[in-house]
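Since the model is a prediction, treat every value here as computed from it, not as a measurement.
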Amino acid sequence: MIAGLAPVPIWELRDLESPRVWTVDGYLNDLPSLTPVRGTIQAEHRGNVLAVHGSLQTIVTLICDRCLNQFNQQLISTTEELIWLGEELNDHEQLQASDGSEQMTGLLERLDPQGPFDPQQWAFEHLNLQLPAVNRCGGDCPGPLGLSTSGSEKSLDSGSDPRWDVLKQLQMSDPE
């Protein structure tokens with residue numbers, strides 16, 4: 001847990017005259033990162049919405065899906081989000097009554113106005129969204145271990161895993 005990023009009741013944000021700003025500098029428990037997460041999160045209560053802006057960055061170590069080697073990936077998240085405060089959004093008039101409603105399009109997150117806003121969870125979610133769906137170490141990835149590419153066909157290296165021996169025998173016995 002990062003010191004100073006404890007959840008804050010939304011009513012406290014409502015009573016502030018200016019946006020609340022958190023400085024982020026530490027490690028998130030659920031995001032194993034190589035470097036500390038650094039940046040800022042800003043939250044402002046605007047009637048029926050909570051406007052949150054964050055600029056965060058860190059470096060994580062990932063495992064390549066092709067060659068299984070580790071590589072470092074920088075995660076950068078610069079996000080602005082409007083979060084609906086209250087029950088499900090029922091009509092367009094409620095939306096228009098909120099400050100900043102011209103920016104609201106698409107699906108909205110929703111928070112209970114009597115509950116807390118958790119800046120640490122918000123940071124985790126937005127950095128986690130920056131993780132790649134497919135982990136590739138780069139354009140010069142050697143590919144799966146034990147396989148080398150010669151033209152369009154793949155052959156097994158002589159120093160490969162002994163569990164591939166049966167496949168080698170099948171390849172040698174195949175007349176094609």
Next on the checklist: Using the rule that Ile, Leu, Val, Met, Phe, Trp and Tyr join whenever any side-chain heavy atoms are under 4.5 Å apart, tell me whether W22 and I76 fall into a single cluster.
Outcome noted: no

Next on the checklist: Would you say CD of Q121 has more than 12 non-hydrogen atoms from neighbouring residues, nucleotides or ligands within 6.0 angstrom?
Outcome noted: yes

Next on the checklist: What I'd like to find out is whether the side chain of L62 reaches to under 4.5 Å of the side chain of L131, using heavy atoms alone.
Outcome noted: yes

Next on the checklist: Nearest 0.5 Å, please: how far is CD1 in I63 from SG in C137?
Outcome noted: 11.5 Å

Next on the checklist: Any non-hydrogen side-chain atom of Q42 less than 4.5 Å from a side-chain atom of T40?
Outcome noted: no

Checklist entry - Which pair of non-hydrogen atoms, one from R66 and one from C141, has the smallest distance, and what is that distance? => result CB-SG, 3.7 Å

Item to check | Q120 side chain reached by L28 side chain, heavy atoms, under 4.5 Å | outcome: yes

Checklist entry - When rounded to the nearest 0.5 angstrom, what distance separates CZ in R38 from CD1 in I59? => result 9.5 Å

Item to check | Euclidean distance, Y27 OH relative to N29 CG, rounded to 0.5 Å | outcome: 12.5 Å

Checklist entry - Can you name the closest pair of heavy atoms from G143 and C67 and give their distance? => result O-CB, 3.1 Å

Item to check | Separation between CD of E109 and CD of E125, rounded to the nearest 0.5 Å | outcome: 7.0 Å

Checklist outcome for this item: Smallest heavy-atom separation, P113 atom then L85 atom, equals CD-C, 4.1 Å

Next on the checklist: Would you compute the distance between atom OG1 of T58 and atom CG of D25 and round it to the nearest 0.5 angstrom?
Outcome noted: 10.0 Å

Checklist outcome for this item: side chain to side chain contact (heavy atoms under 4.5 Å, CB included) with L127: of V60, L31, D30, only one passes, and it is L31

Next on the checklist: Counting C-beta onward and ignoring hydrogens, is there a side-chain heavy-atom pair between I10 and D112 closer than 4.5 Å?
Outcome noted: no

Next on the checklist: Between I41 and L56, does the side-chain contact (heavy atoms from CB on, under 4.5 Å) criterion hold? Intermediate values first, please.
Outcome noted: CA-CA 8 Å; I41 299 173; L56 304 164; 4.2 Å; yes

Checklist entry - For E81 and W122, which heavy atoms make the closest approach, and how far apart are they? => result OE1-NE1, 2.7 Å

Item to check | Side-chain heavy atoms of V37 within contact of F124, under 4.5 Å | outcome: no

Item to check | R46 vs L82 side-chain heavy atoms within contact, under 4.5 Å | outcome: yes

Item to check | Within one Ile-Leu-Val-Met-Phe-Trp-Tyr cluster: L16 and F117, side-chain cutoff 4.5 Å | outcome: yes

Item to check | Heavy-atom side-chain proximity of P142 to N69 below 4.5 angstrom | outcome: yes

Item to check | Close side-chain approach of T78 and H53, heavy atoms under 4.5 Å | outcome: yes

Checklist entry - Quick one: CZ on R20 to CD on E12, what's the gap to the nearest 0.5 Å? => result 7.0 Å

